[in-house]
Amino acid sequence: MTAIRALLLCSCLGLLLRPGGGQPFLRLRPSPSDNLPVKDIVEHPDPEYDPKEQDLDERTLRKKLGSHFDPGFMAVAVPGPANASGAEAAAGRGRAAGPRLRVGKKARRKVLQWLWAYTYCPVLYTWKDLGVRFWPRYIKEGNCLAEKSCSLPEGMFCKPVKSVTKTFLRWHCQGWSSQKYCTWIPVQYPLISECKCSC
């Protein structure tokens, strides 16, 4: 019994002492993809922990972020509506194929197209405001359409299977009141990049 306890204790210590284990703020959410999209982050409400106007100079922040700035997924100002990739195909889900089906090539192709539209799982993008403590503030986040089953017979749903990671800047403060030190640090933000019909 004591050997088992000792083994568990060593395992726990190993997790705590591994590199980066003491700095959980550097990674917002671990993979795998089934934990995506990232849930809203609970922020300390005190505006003292917000960046000031001089900390939000766009030229300085762009330089700090460098080649990680991706205008396809990031925006500094309020963006327009996101491109909901494949939403039209998903909107056709649930339409009946019709009772009159022929066995010819044309009919077969139509049935296959209908099945593809029914089981297709697009990534639906929407812009999300991360708040003033992230730069760029807006991110184009992907979601999987999971309102209805995507299989015949029913039972399977669209789920995330792949993700990509984008680097943002995060305003991070250490210490309290006048003793605190705040700066922008790079953080990894995972985004859904592919959805699939699965159990």
task = May I ask you to test the Val132-Pro51 pair for a side-chain heavy-atom distance under 4.5 Å?
result =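 In short, these two side chains touch, coming nearer than 4.5 Å.
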message = My understanding is that only residues two or more places apart in sequence, or in another chain, count here; which of them pass side chain to side chain contact (heavy atoms under 4.5 Å, CB included) with Cys197?
response =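 Side chain to side chain contact (heavy atoms under 4.5 Å, CB included) list for Cys197, sorted by chain: Cys121, Cys150, Ser151, Met156.
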task = Report the residues that fulfil salt bridge (charged side-chain N to carboxylate O under 4.0 Å, His left out) with Asp70, sequence neighbours left out, ordered by chain and then residue number.
result =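 Once residues adjacent in sequence are excluded, the partners of Asp70 under the salt bridge (charged side-chain N to carboxylate O under 4.0 Å, His left out) criterion are Lys166.
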ask   = Taking C-beta and beyond as the side chain, do Trp184 and Lys64 meet within less than 4.5 Å on heavy atoms?
value =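 A side-chain contact under 4.5 Å exists here.
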ask   = Does Leu169 reach the side chain of Leu61, with side-chain heavy atoms less than 4.5 Å apart?
value =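 With C-beta onward as the side chain, the pair touches.
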key: Arg137: partners by salt bridge (charged side-chain N to carboxylate O under 4.0 Å, His left out), with sequence neighbours left out   =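 Once residues adjacent in sequence are excluded, the partners of Arg137 under the salt bridge (charged side-chain N to carboxylate O under 4.0 Å, His left out) criterion are Asp129.
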key: Considering all heavy atoms, the nearest Trp127-Gly72 contact   =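 Shortest heavy-atom separation between Trp127 and Gly72 comes out as CH2-O, 4.3 Å.
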query = Taking side chain as C-beta onward, heavy atoms only, is Tyr49 less than 4.5 Å from Lys180?
reply =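 The answer is yes, as the side chains (C-beta and beyond) meet within the 4.5 Å cut-off.
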query = Short question: side chain of Ser163, backbone of Ser193 - any donor-acceptor pair under 3.5 Å?
reply =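 No; zero donor-acceptor contacts below 3.5 Å.
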key: Pairs flagged by side-chain hydrogen bond (donor to acceptor under 3.5 Å, both in side chains) wherever residues 71-81 is involved - sequence neighbours left out   =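 The answer is none; no pair qualifies.
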query = Going by an N to O cut-off under 4.0 Å, is there a salt bridge joining Glu154 and Lys148?
reply =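 Result for this pair is no, no salt bridge flagged.
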ask   = Do Gln188 and Thr167 meet the criterion of a side-chain donor-acceptor pair at a distance under 3.5 Å?
value =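 The answer is yes; a qualifying pair exists.
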task = Carefully, step by step, assess Glu141 and Leu191 under the rule side chain to side chain contact (heavy atoms under 4.5 Å, CB included).
result = CA-CA 6 Å; Glu141 192 171 58; Leu191 299 169; 4.1 Å; yes
key: Set of residues satisfying ring-ring contact (aromatic ring centres under 6.0 Å, His included) with respect to Phe157, sequence neighbours excluded   =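 For Phe157 there are no ring-ring contact (aromatic ring centres under 6.0 Å, His included) partners, ignoring immediate neighbours.
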query = Given side chains that start at C-beta, do those of Glu58 and Val76 come closer than 4.5 Å, heavy atoms only?
reply =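 They are in contact (side-chain heavy atoms under 4.5 Å apart), so the answer is yes.
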query = What is the distance from atom NZ of Lys140 to atom CE of Met74, rounded to the nearest 0.5 Å?
reply =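 Going from NZ on Lys140 over to CE on Met74, the span is 12.0 Å.
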task = Assign the ring pair Tyr189 / Phe168 to parallel, tilted or perpendicular, where the plane angle (0 to 90°) is split at 30° and 60°.
result =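 The rings of Tyr189 and Phe168 sit tilted, inter-plane angle from 30° to 60°.
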key: Atom NZ of Lys63 with >12 non-hydrogen neighbours under 6.0 angstrom   =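 No, not enclosed.
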query = Got Leu65 and Trp135 here, is their nearest side-chain heavy-atom distance under 4.5 Å?
reply =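 The answer is yes, as the side chains (C-beta and beyond) meet within the 4.5 Å cut-off.
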query = Do you know which two heavy atoms are closest between Pro136 and Phe69, and how far apart they sit?
reply =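 Minimum heavy-atom contact is CG-CE1, 3.4 Å.
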request  = Specify the closest pair of heavy atoms between Leu145 and Cys158, including all atoms of both residues, with the distance to one decimal.
outcome  =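 The pair with the smallest heavy-atom distance is O-CB, 3.0 Å.
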message = Does Gln54 have more than 12 heavy atoms from other residues, nucleotides or ligands lying within 6.0 Å of its CD?
response =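 Buried by this count: over 12 neighbours within 6.0 Å.
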request  = Give the minimum heavy-atom separation between Pro37 and Asn143, together with the two atoms involved.
outcome  =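 Distance-wise, the nearest heavy atoms are CG-OD1, 3.0 Å.
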task = List for me each residue that meets side chain to side chain contact (heavy atoms under 4.5 Å, CB included) alongside Lys106, sequence neighbours excluded, and say none if there are none.
result =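 With sequence neighbours excluded, Lys106 shows a side chain to side chain contact (heavy atoms under 4.5 Å, CB included) to Arg109, given in chain and number order.
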task = Taking the side chain as every heavy atom from C-beta outward, state whether Pro190 and Val38 have any atom pair closer than 4.5 Å.
result =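 When only atoms from C-beta onward are counted, Val38 and Pro190 do touch, with a gap below 4.5 Å.
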ask   = Which atom pair, heavy atoms only, marks the closest approach of Cys199 to Lys159?
value =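 Answer, listing the atom of Cys199 first, then Lys159: O-NZ, 2.7 Å.
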ask   = How long is the gap from OH on Tyr181 to NE2 on His172, to the nearest 0.5 Å?
value =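 So the gap between those two atoms works out to 10.0 Å.
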ask   = Can you tell me if NZ on Lys110 sees more than 12 non-hydrogen neighbours from other groups inside 6.0 Å?
value =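 At most 12 heavy atoms, drawn from other residues, nucleotides or ligands, come within 6.0 Å of this atom.
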inquiry  = Against Arg133, only a single residue in Asp50, Asp55, Asp46 fulfils salt bridge (charged side-chain N to carboxylate O under 4.0 Å, His left out); can you say which?
reply    =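 Of all the options given, the one that passes is Asp50.
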